[in-house]
Amino acid sequence: MEAESQMREVKYAADISSIREAQARIKPFIHQTPVLSSESLNALAGRQLFFKCECFQKGGAFKFRGACNAVFSLDDDQAVKGVVTHSSGNHAAALSLAAKLRGIPAYIVIPKNAPKCKVENVIRYGGQVIWSEPTMQSRESTAAKVLQETGAVLLHPYNDRRIISGQGTISLELLEQQVPQLDTIIVPISGGGLISGVALAAKSINPAIRVLAAEPEGANDAAQSKAAGRIITLPETNTVADGLRAFLGDLTWPVVRDLVDGIITVEDKEIIHAMKLCYEILKVAVEPSGAIGLAAVLSNSFKKNSAWKDCSNIGIILSGGNLDLGILWDAYRK
């Protein structure tokens with residue numbers, strides 16, 4: 001009940017009403033993604049695991065939910081000049097696809113070190129690629145220049161009410177239509193848009209549910225932020241999970257601070273092992289960022305933590321499946 005009273009007292013960027021509105025808005029465009037389970041993985045974890053396959057979402061990742069909600073929330077006068085974002089990955093492709101469906105331009109600022117497969121997705125969906133240097137300063141300044149030249153609307157990858165609300169629709173599907181008996185959801189964390197939406201919706205439906213974040217040790221700013229009680233950013237990140245290198249925003253941090261029950265950090269070798277298990281047992285190709293929830297539930301830090309001993313029915317968000325196959329094969333050889 002503590003989470004429920006907290007949500008009533010604190011005004012977060014999104015809420016159950018905005019998430020239900022997002023669900024109605026995006027329903028004609030998104031896939032309701034399936035939930036998979038495996039007795040083999042249940043035995044490895046010692047729990048019942050339920051995998052929400054956002055890797056099967058349009059655009060190959062959960063990001064399409066938020067991007068679709070944001071694009072279709074714009075009024076016609078706003079939308080006509082298009083949308084702009086800076087992203088190295090799945091948000092870029094998702095926004096390109098959502099804009100294509102609405103019939104408006106999408107200007108995508110992409111750092112030069114972005115994964116090739118994710119750049120190809122942007123081009124496939126009709127996004128106009130503008131290159132930047134691989135620093136946040138360059139990304140933001142390039143995006144600002146595009147905004148000035150085009151008059152387009154900036155849609156941030158995660159620090160936006162509309163984006164957070166769209167991502168929260170995952171919880172509505174999971175808890176109201178698919179696996180209502182879940183007592184825990186494990187979610188990858190980066191900028192916090194996904195976990196904010198998931199936590200706000202899940203704890204509105206079931207205040208007792210636990211929401212846990214999974215984070216790479218080489219990009220553990222959220223774990224450090226949680227421990228410090230304030231947003232911590234890192235001078236650099238070092239992880240195979242290219243989708244989990246962002247830092248929390250001022251809209252996502254309050255939700256993570258108040259409603260996320262814990263953060264499990266894992267090493268890259270554990271993430272790669274989880275990718276292999278997804279491929280070999282679930283028969284699903286998942287990018288490193290998407291496999292981290294399984295890595296977390298199999299980790300010693302989770303298994304041996306008495307705080308989580310009662311987590312028995314666990315939802316795991318397989319957040320995306322956009323990866324270069326060469327990287328997958330290289331990971332297999334390690």
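The model shown is predicted, which means the values in this text are computed figures rather than measured ones.
Ion pairing of K203 with D261 is present here, as a side-chain N (NZ or NE/NH1/NH2) and a carboxylate O approach within less than 4.0 Å. A salt bridge does not link K226 with E215: none of the charged nitrogens is closer than 4.0 Å to a carboxylate oxygen.
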Passes side-chain contact (heavy atoms from CB on, under 4.5 Å), I16 versus L172? Steps please.
CA-CA 9 Å; I16 191 65; L172 301 185; 3.9 Å; yes
Begin with the C-alpha distance, continue with both residues' side-chain angles, and end with the deciding distance and a verdict on side-chain hydrogen bond (donor to acceptor under 3.5 Å, both in side chains) for S312 and D183.
CA-CA 7 Å; S312 54; D183 54 52; 2.9 Å; yes
Under the side-chain contact (heavy atoms from CB on, under 4.5 Å) rule, what do W131 and I110 come out as? Steps first, then yes or no, please.
CA-CA 5 Å; W131 296 103; I110 299 182; 3.9 Å; yes
Go through it in stages, so that I can follow the logic: the residues are V297 and L41, the test is side-chain contact (heavy atoms from CB on, under 4.5 Å), and I'd like the CA-CA distance, side-chain angles, deciding distance and then a yes or no.
CA-CA 10 Å; V297 85; L41 292 176; over 6 Å; no
Show the numbers, then the answer: is there a side-chain contact (heavy atoms from CB on, under 4.5 Å) between V83 and T85?
CA-CA 7 Å; V83 290; T85 197; over 6 Å; no
Evaluation steps, side-chain hydrogen bond (donor to acceptor under 3.5 Å, both in side chains), between N69 and R25
CA-CA 7 Å; N69 187 49; R25 184 176 292 117; 2.7 Å; yes
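Put simply, the side chain of Q57 gets close to the backbone of H31: a donor and an acceptor are under 3.5 Å apart. With S96 contributing its side chain and A92 its backbone, the two residues share a donor-acceptor pair below 3.5 Å. Formation of a donor-acceptor pair under 3.5 Å by the K52 side chain with backbone atoms of T33 is found in this model. Here the side chain of T252 pairs a donor or acceptor atom with the backbone of G191 at under 3.5 angstrom. Between the R102 side chain and the L74 main chain, a donor and an acceptor come within less than 3.5 Å of each other. Proximity of a side-chain donor or acceptor of K283 to a complementary backbone N or O of E280 within less than 3.5 Å is detected. Between the side chain of T169 and the backbone N or O of Q23, no donor-acceptor pair lies under 3.5 Å. Of the possible donor and acceptor atoms, none in the side chain of H156 sits under 3.5 Å from a partner among the backbone N and O of I163. Judged purely by atom type and a 3.5 angstrom limit, N42 has no side-chain atom pairing as donor or acceptor with the backbone of Q48. In this structure, T150 contributes its side chain and A152 its backbone to a donor-acceptor pair below 3.5 Å.
For K303, the NZ atom sits in a packed shell: over 12 heavy atoms of surrounding residues, nucleotides or ligands are nearer than 6.0 Å. No more than 12 heavy atoms of other residues, nucleotides or ligands sit less than 6.0 Å from atom CD of Q148. Within a 6.0 Å sphere centred on CZ of R230, heavy atoms belonging to other residues, nucleotides or ligands number 12 at most.
For the side chain to side chain contact (heavy atoms under 4.5 Å, CB included) with E54, the qualifying choice from I170, L318, V286 is I170, the only one to do so.
Nearest heavy atoms, T142 versus S132: OG1-CB, 3.7 Å. Closest heavy-atom contact between L200 and A14: CD1-O, 3.5 Å. Residues S171 and A201 come closest through the heavy atom pair CB-CB, 3.6 Å. For C55 against V284, the heavy-atom pair with the smallest separation is SG-CG1, 3.5 Å. For S319 against G290, the heavy-atom pair with the smallest separation is OG-CA, 3.3 Å. Of all the heavy atoms in L259 and V211, the pair that sits closest is O-CB, 4.3 Å.
Under the 4.5 Å side-chain heavy-atom criterion for Ile, Leu, Val, Met, Phe, Trp and Tyr, L248 and I164 are members of the same hydrophobic cluster. Put simply, Y158 and I19 are part of two different groups of oily side chains (I, L, V, M, F, W, Y) that touch within less than 4.5 Å, one to the next. Connection of I26 to F56 is not established within any shared hydrophobic cluster, with ILVMFWY side chains joined at heavy-atom distances below 4.5 Å, either directly or through further cluster members. Under the 4.5 Å side-chain heavy-atom criterion for grouping Ile, Leu, Val, Met, Phe, Trp and Tyr, L147 is not connected to L155 through any hydrophobic cluster. Linking Ile, Leu, Val, Met, Phe, Trp and Tyr residues whenever their side-chain heavy atoms come within less than 4.5 Å leaves Y125 and V109 in two separate clusters.
Residues meeting the ring-ring contact (aromatic ring centres under 6.0 Å, His included) test with F72, sequence neighbours left out: F29. Scored by the side-chain hydrogen bond (donor to acceptor under 3.5 Å, both in side chains) test, N313 finds no partners at all (sequence neighbours excluded).
Considering only heavy atoms from C-beta on, L277 comes within 4.5 Å of L298 through its side chain. V240 has its side chain out of reach of M275: every pair of non-hydrogen atoms, C-beta onward, lies at least 4.5 Å apart. In this structure, V71 and L95 have side chains that are in contact, with non-hydrogen atoms separated by less than 4.5 Å. By the 4.5 Å heavy-atom criterion applied to side chains, V35 and E173 are not counted as neighbours. Taking 4.5 Å as the limit, every side-chain heavy atom of N305 sits out of range of all side-chain heavy atoms of I264. Contact annotation: the side chain of L174 approaches that of I317 to within less than 4.5 Å [non-hydrogen atoms, C-beta and beyond]. Two residues are said to be in side-chain contact when any heavy atoms from C-beta on lie closer than 4.5 Å; P188 and L194 meet this criterion. Side-chain contact check for R47 versus C311: some heavy-atom pair is nearer than 4.5 Å.
Between the OG atom in S225 and the CD1 atom in I263 there is a gap of 7.5 Å [rounded to 0.5 Å]. Expressed to the nearest 0.5 Å, how far CZ of F247 lies from OG of S190 amounts to 8.5 Å. Interatomic distance, L251 CG to N159 CG, rounded to the nearest 0.5 Å: 4.0 Å. Rounding to the nearest 0.5 Å places CD of E267 at 13.0 Å from NE2 of H273. Note that CZ of F62 and NE2 of H91 are 10.0 Å apart. Values are rounded to the nearest 0.5 Å. For the atom pair S18 OG and Y12 OH, the distance stands at 13.5 Å (nearest 0.5 Å).
Between the side chains of T237 and T239, no donor-acceptor pair is found at a separation under 3.5 Å. Using a 3.5 Å distance cut-off with no hydrogens or angles, the side chains of S73 and R162 do not pair a donor with an acceptor.
Below 30°, between 30° and 60°, or above 60°: for F302 and W308 the angle between ring planes is below 30°, a parallel geometry.
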